[in-house]
Peer 1: 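The structure is given below, and queries will be raised subsequently.
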Amino acid sequence: MIIKRWDTKEVIFELECSSWEELLKGALKAKISFYRADFSYSNFSYSNFSDSDFRGSNFRGSNFGYSDFRGSNFRGSNFRGSNFRGSNFRGSDFSDSDFSDSDFGDSDFRGSNFRGSNFRGSNFSDSKHQYKIGNMREWKSMQLDTYMIVFNEHTLAIGCQQHTIKEWQEFTDDTISKMDTNALLWWTKWKELIFKAIELSNTKG
C-alpha cells in the first residue's frame with residue numbers, strides 16, 4: 001500500500017501491508033512528513049497521529065474517530081466531510097484549514113489554533129449538549145432571531161457567512177445588506193450584543 005501527495009501524485013511512503021492502519025503505523029514509525037499527503041476517504045479510527053506534520057494534506061471524507069492528534073500540524077489541510085468524533089487535538093495547529101461538514105463531537109481542542117479555518121456546517125456537539133455547532137468551550141454559539149451565531153476568539157459565523165471578527169467590525173452597511181434579505185435590519189439590531197458577547201467570552205475570570 002502507498003501514501004501519495006494529492007497534488008503531484010508522488011509516492012511519499014510505501015509498505016507491504018493489508019490495512020490503512022498498518023500503513024499509517026509504518027509511516028509514523030519512519031517519521032516521514034505527511035505534507036500534502038492524500039488520506040481521502042480512509043479509515044484511521046483510534047489511531048495515534050501525535051506530533052506529526054500533516055500540513056496541506058487531504059483528509060476529505062475520512063474517519064479519524066477517537067484518534068490522538070496532540071501537538072500535530074494540520075495547517076492548510078482539507079477535512080471536508082470527515083469524522084473526528086471523540087478525538088484529542090490539544091495543542092495542534094489547524095489554521096487555514098477546511099473543516100466544513102465534519103463531525104468533531106466530544107473532541108478536545110484546548111490550546112489549538114483555528115485562525116483562518118472554515119467550519120461551516122460542522123458538528124461540535126457533545127454527549128451532554130446537542131448544539132448544532134459550537135462546543136461552548138473553544139467554539140461558542142447562540143441563536144438570535146433568524147440566524148445561528150458561532151464564534152471563537154478569531155472567527156465569527158452568522159448563518160452561512162463566516163469571516164474574521166475584524167472583518168465583521170469593518171463591514172459597511174452596503175456589504176451587510178448584500179448578504180441576505182433584511183440582513184442590514186437584523187445586523188443593526190444585534191451587532192452590539194454580538195460583539196459584547198465575544199468580548200465577554202474571551203475575558204478570563
Side-chain angles (χ1 to χ4, degrees), residues 1-126 133 135 138-139 150 152-155 157 160 162-164:
M1 298 182 69
I2 59 175
I3 299 174
K4 293 182 178 180
R5 279 183 53 161
W6 60 263
D7 54 348
T8 64
K9 307 304 180 184
E10 171 192 356
V11 175
I12 58 177
F13 185 72
E14 185 172 2
L15 182 68
E16 188 174 335
C17 58
S18 58
S19 70
W20 276 102
E21 184 179 5
E22 290 179 70
L23 181 65
L24 175 62
K25 287 181 178 178
L28 290 170
K29 186 177 181 179
K31 298 185 182 303
I32 70 162
S33 170
F34 293 98
Y35 177 66
R36 294 195 175 181
D38 186 4
F39 295 102
S40 55
Y41 305 102
S42 302
N43 182 12
F44 290 114
S45 56
Y46 296 94
S47 295
N48 184 355
F49 291 84
S50 58
D51 299 313
S52 298
D53 183 355
F54 297 94
R55 286 173 298 160
S57 294
N58 178 19
F59 296 93
R60 184 167 186 164
S62 294
N63 178 20
F64 294 92
Y66 301 96
S67 291
D68 187 351
F69 295 89
R70 286 175 296 179
S72 296
N73 187 346
F74 299 93
R75 186 181 182 91
S77 294
N78 179 4
F79 297 91
R80 292 178 66 94
S82 293
N83 172 36
F84 295 94
R85 178 165 286 273
S87 294
N88 188 340
F89 297 92
R90 295 183 68 172
S92 297
D93 184 356
F94 299 103
S95 54
D96 302 313
S97 293
D98 186 354
F99 296 96
S100 52
D101 301 315
S102 294
D103 186 354
F104 295 92
D106 288 315
S107 292
D108 186 346
F109 295 96
R110 284 175 288 181
S112 297
N113 178 14
F114 299 102
R115 186 183 292 272
S117 291
N118 176 15
F119 288 89
R120 287 191 183 96
S122 291
N123 171 41
F124 289 85
S125 64
D126 58 39
I133 179 170
N135 61 3
E138 293 79 21
W139 288 88
V150 184
N152 64 14
E153 60 181 320
H154 305 297
T155 304
C160 65
Q162 177 179 300
H163 307 279
T164 67

Peer 1: Restricting to non-hydrogen atoms, name the atom on Leu15 and the atom on Leu23 that form the minimum distance, rounded to 0.1 Å.
Peer 2: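 Minimum heavy-atom separation between Leu15 and Leu23: CB-CD1, 3.8 Å.
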Peer 1: With sequence neighbours left out, what residues match His163 under ring pair (Phe, Tyr, Trp, His ring centres under 6.0 Å)?
Peer 2: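 Partners of His163 by the ring pair (Phe, Tyr, Trp, His ring centres under 6.0 Å) criterion, ordered by chain and then number, come out as Trp168, Phe171.
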Peer 1: Between Ser62 (side chain) and Tyr41 (backbone), is there a donor-acceptor pair under 3.5 Å?
Peer 2: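 Yes, the answer is positive, given that a donor and an acceptor are paired below the 3.5 Å cut-off.
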Peer 1: Looking at residues at least two apart in the chain, or sitting in another chain, which of them share a side chain to side chain donor-acceptor pair (under 3.5 Å) with Ser100?
Peer 2: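 Side chain to side chain donor-acceptor pair (under 3.5 Å) list for Ser100, sorted by chain: Arg80, Asp98.
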Peer 1: Just by distance, do the side chain of Ser72 and the backbone of Ser52 share a donor-acceptor pair under 3.5 Å?
Peer 2: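 Checking the backbone N and O of Ser52 against the side chain of Ser72, a donor-acceptor pair under 3.5 Å is found.
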Peer 1: Could you state the interatomic distance from CG (Asp68) to OG (Ser92), rounded to the nearest 0.5 Å?
Peer 2: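 That separation rounds to 8.5 Å.
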Peer 1: Which heavy atom of Lys4 sits nearest to which heavy atom of Lys9, and what is that distance?
Peer 2: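 So the two residues come closest at CD-O, 3.6 Å.
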Peer 1: Restricting to pairs with a member in residues 30-54, which pass salt bridge (charged side-chain N to carboxylate O under 4.0 Å, His left out), not counting sequence neighbours?
Peer 2: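 Residue pairs with at least one partner in residues 30-54: Asp7-Arg36, Asp53-Arg55.
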Peer 1: So, using side chain to side chain donor-acceptor pair (under 3.5 Å) as the criterion, who are the partners of Ser19 when residues are at least two apart?
Peer 2: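 Ser19 satisfies side chain to side chain donor-acceptor pair (under 3.5 Å) with Glu22 once adjacent residues are dropped.
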Peer 1: So, using side chain to side chain donor-acceptor pair (under 3.5 Å) as the criterion, who are the partners of Glu14 when residues are at least two apart?
Peer 2: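 If we apply the side chain to side chain donor-acceptor pair (under 3.5 Å) test to Glu14, skipping adjacent residues, there are no hits.
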Peer 1: Going by ring pair (Phe, Tyr, Trp, His ring centres under 6.0 Å), name the residues that satisfy it together with Tyr46, two or more places apart in sequence or in a different chain.
Peer 2: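 Ring pair (Phe, Tyr, Trp, His ring centres under 6.0 Å) check on Tyr46 returns Tyr66.
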Peer 1: What's the separation between atom CG in Leu24 and atom CG in Asn48, rounded to the nearest 0.5 Å?
Peer 2: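 Spacing of CG (Leu24) from CG (Asn48) equals 8.5 Å.
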Peer 1: Output all residues satisfying side chain to side chain donor-acceptor pair (under 3.5 Å) with Asp101, sequence neighbours left out; order by chain, then residue number.
Peer 2: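 Partners of Asp101 under the side chain to side chain donor-acceptor pair (under 3.5 Å) test: none.
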Peer 1: Measure the spacing between CZ of Phe34 and CG of Asn58 and express it to the nearest 0.5 Å.
Peer 2: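 Here the rounded value is 14.5 Å.
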Peer 1: Is there side-chain contact between Tyr35 and Ile12, with heavy atoms separated by less than 4.5 Å?
Peer 2: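 Tyr35 does not reach Ile12 side chain to side chain.
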Peer 1: How are the rings of Phe64 and Phe44 set relative to one another: parallel (under 30°), tilted (30 to 60°) or perpendicular (over 60°)?
Peer 2: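 Answer is parallel, since the angle falls under 30°.
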Peer 1: Could you tell me which non-hydrogen atom of Gly81 sits nearest to which non-hydrogen atom of Ser102, and how far apart they are?
Peer 2: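 Closest heavy-atom pair between Gly81 and Ser102: N-OG, 3.3 Å.
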Peer 1: Who passes side-chain contact (heavy atoms from CB on, under 4.5 Å) against Ser45, sequence neighbours left out?
Peer 2: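 For Ser45 the side-chain contact (heavy atoms from CB on, under 4.5 Å) partners, ignoring immediate neighbours, are Asn43, Asn63.
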Peer 1: Taking only residues two or more places apart in sequence, or in another chain, which ones meet Phe13 in a ring pair (Phe, Tyr, Trp, His ring centres under 6.0 Å)?
Peer 2: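 With neighbours one apart ignored, the set is empty.
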Peer 1: For the pair Phe99 and Phe84, name the ring-plane relationship: parallel under 30°, tilted 30 to 60°, perpendicular over 60°.
Peer 2: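 It falls in the perpendicular class, over 60°.
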